[in-house]
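Have a look at this one before I ask anything.
Just follow the structure's listing: the first ligand is 1, and inside any ligand the first atom is 1. Keep in mind it's a predicted model, so treat the numbers as computed, not measured.
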Amino acid sequence: MATGRISLTRFLIERQRDKALINADLRLLIETVARACKAISHAVNKGALAGNLGSAGTDNVQGEVQKKLDVLSNEILLEANEWGGNLAALASEEMEDPHPIPTHFPKGEYLLLFDPLDGSSNIDVNVSVGTIFSVLRCPKAASGEGYCEADEKAFLQPGTAQIAAGFAVYGPTTMLVLTVGDGTHGFTLDREMGSFVLTHPDIRIPEDTAEFAINMSNMRRWEAPVKRYIDECLAGKTGPRGKDFNMRWVASMVADVYRIITRGGIFMYPRDDKNKAGRLRLMYEANPMSFIIEQAGGASTDGRGRLMEVKPEGLHQRVAVILGSKNEVERVTAYHKE
Ligand code: F6P
């Protein structure tokens with residue numbers, strides 16, 4: 001029976017065949033990541049029934065306590081992506097150094113970066129978490145033979161060099177949000193069929209909003225432009241903005257960004273006098289989310305300039321993030337410039 005449904009596979013084949021936007025290797029790569037996300041979704045969903053909750057008893061490269069599901073999600077993504085022949089190397093927020101492709105597998109032209117389980121402090125309290133990923137091209141080797149040395153340096157490309165980015169959010173439904181540079185599109189996981197189905201084509205973020213997302217407990221540490229912006233929002237109808245604002249903070253970037261692409265809003269994790277460079281990771285969180293937000297008509301800055309133009313200096317570099325509805329992001333950036 002015809003359903004008229006567009007699966008992720010069909011969506012990607014159309015991008016490959018009709019628009020020549022991606023090649024077969026990149027299609028396979030995105031499908032493999034999506035398959036890994038299904039496995040992670042399943043593990044998250046099983047929770048305590050599979051003994052998946054709680055701490056793994058280890059710290060990651062950031063010095064944060066790893067949850068069992070952080071470790072498991074990282075393993076699922078590594079194992080799924082090692083053998084396809086389309087990658088030169090992988091890098092994960094959970095691992096200090098890039099992960100080379102084992103020598104017994106062929107190598108390809110892409111670099112995959114991921115945050116295997118974003119927002120993992122929310123796992124044990126049953127709040128949405130997710131996976132974020134970004135795809136870069138591995139520059140050709142200086143000799144012209146084969147691909148780059150897939151060391152840290154190869155990954156240090158600005159967000160503008162990304163050729164695909166996406167995130168999955170494991171919430172009431174499992175959603176995959178994806179861009180390959182022609183808009184931002186959302187897919188819902190049909191668990192019975194085991195496939196992602198295009199349910200939110202061409203997502204557009206409203207340019208204006210009256211909703212902000214920020215961790216208010218850091219207020220005393222913020223820089224003046226961010227404090228001014230939030231003070232003005234809090235002043236409501238009788239303040240300089242002349243309208244009341246609402247606040248939301250899930251503390252899972254995937255869930256906060258998903259809300260913003262659905263109904264607008266501004267998300268901020270600014271630098272402050274504790275997190276002097278910012279708190280979120282440029283390569284695993286800020287860049288892929290910025291690509292997705294820009295492709296949906298939103299904007300993304302570090303307060304001073306376009307986030308995707310930041311020149312990375314380290315794989316685990318942190319950065320200030322301000323993204324979402326265009327007019328509000330531009331306002332905060334203007335406050336920084338004043
Ligand atoms: O970087 C991980 C993360 O959990 C993000 O998903 C989220 O936006 C942020 O940290 C929450 O930080 P905090 O616990 O300071 O509110």
* Asked: Mind checking what residues have non-hydrogen atoms under 4.0 angstrom from ligand 1?
  ->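 Ligand 1 pocket, heavy atoms under 4.0 Å: Asp118, Gly119, Asn215, Trp249, Ala251, Ser252, Met253, Phe267, Tyr269, Arg279, Leu280, Arg281, Glu285.
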Donor-acceptor pairs under 3.5 Å, side chain of residues 94-104 to any protein atom, not counting sequence neighbours: which ones?
| from | atom 1 | to | atom 2 | distance (Å) |
| --- | --- | --- | --- | --- |
| Glu94 | OE1 | Asn60 | ND2 | 3.3 |
| Glu94 | OE1 | Gln66 | NE2 | 2.8 |
| His99 | NE2 | Glu82 | OE2 | 2.8 |

* **Qualifying salt bridge (Lys or Arg N to Asp or Glu O under 4.0 Å) pairs with a residue from residues 162-173, counting only residues at least two apart or across chains** =>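 For residues 162-173, and leaving out neighbouring residues, there are no salt bridge (Lys or Arg N to Asp or Glu O under 4.0 Å) pairs at all.
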* **For Glu14, all residues meeting side-chain hydrogen bond (donor to acceptor under 3.5 Å, both in side chains), sequence neighbours excluded** =>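 For Glu14, the residues satisfying side-chain hydrogen bond (donor to acceptor under 3.5 Å, both in side chains) (neighbours in sequence not counted) are Arg10.
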* Can the positive tip of Arg15 be found less than 6.0 Å from the middle of the six-membered ring of Phe11, inside 45° of the ring normal? ->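 Judged by the rule, Arg15 and Phe11 form a cation-pi pair.
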* Co-membership, hydrophobic cluster, residues Ile13 and Leu21, 4.5 Å side-chain ->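 Unlinked, Ile13 and Leu21 end up in two clusters.
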* Can any side-chain N or O of Thr32 pair as donor or acceptor with the backbone N or O of Leu28 at less than 3.5 Å? ->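 Yes; judged by distance alone, with no hydrogens or angles, the pair exists.
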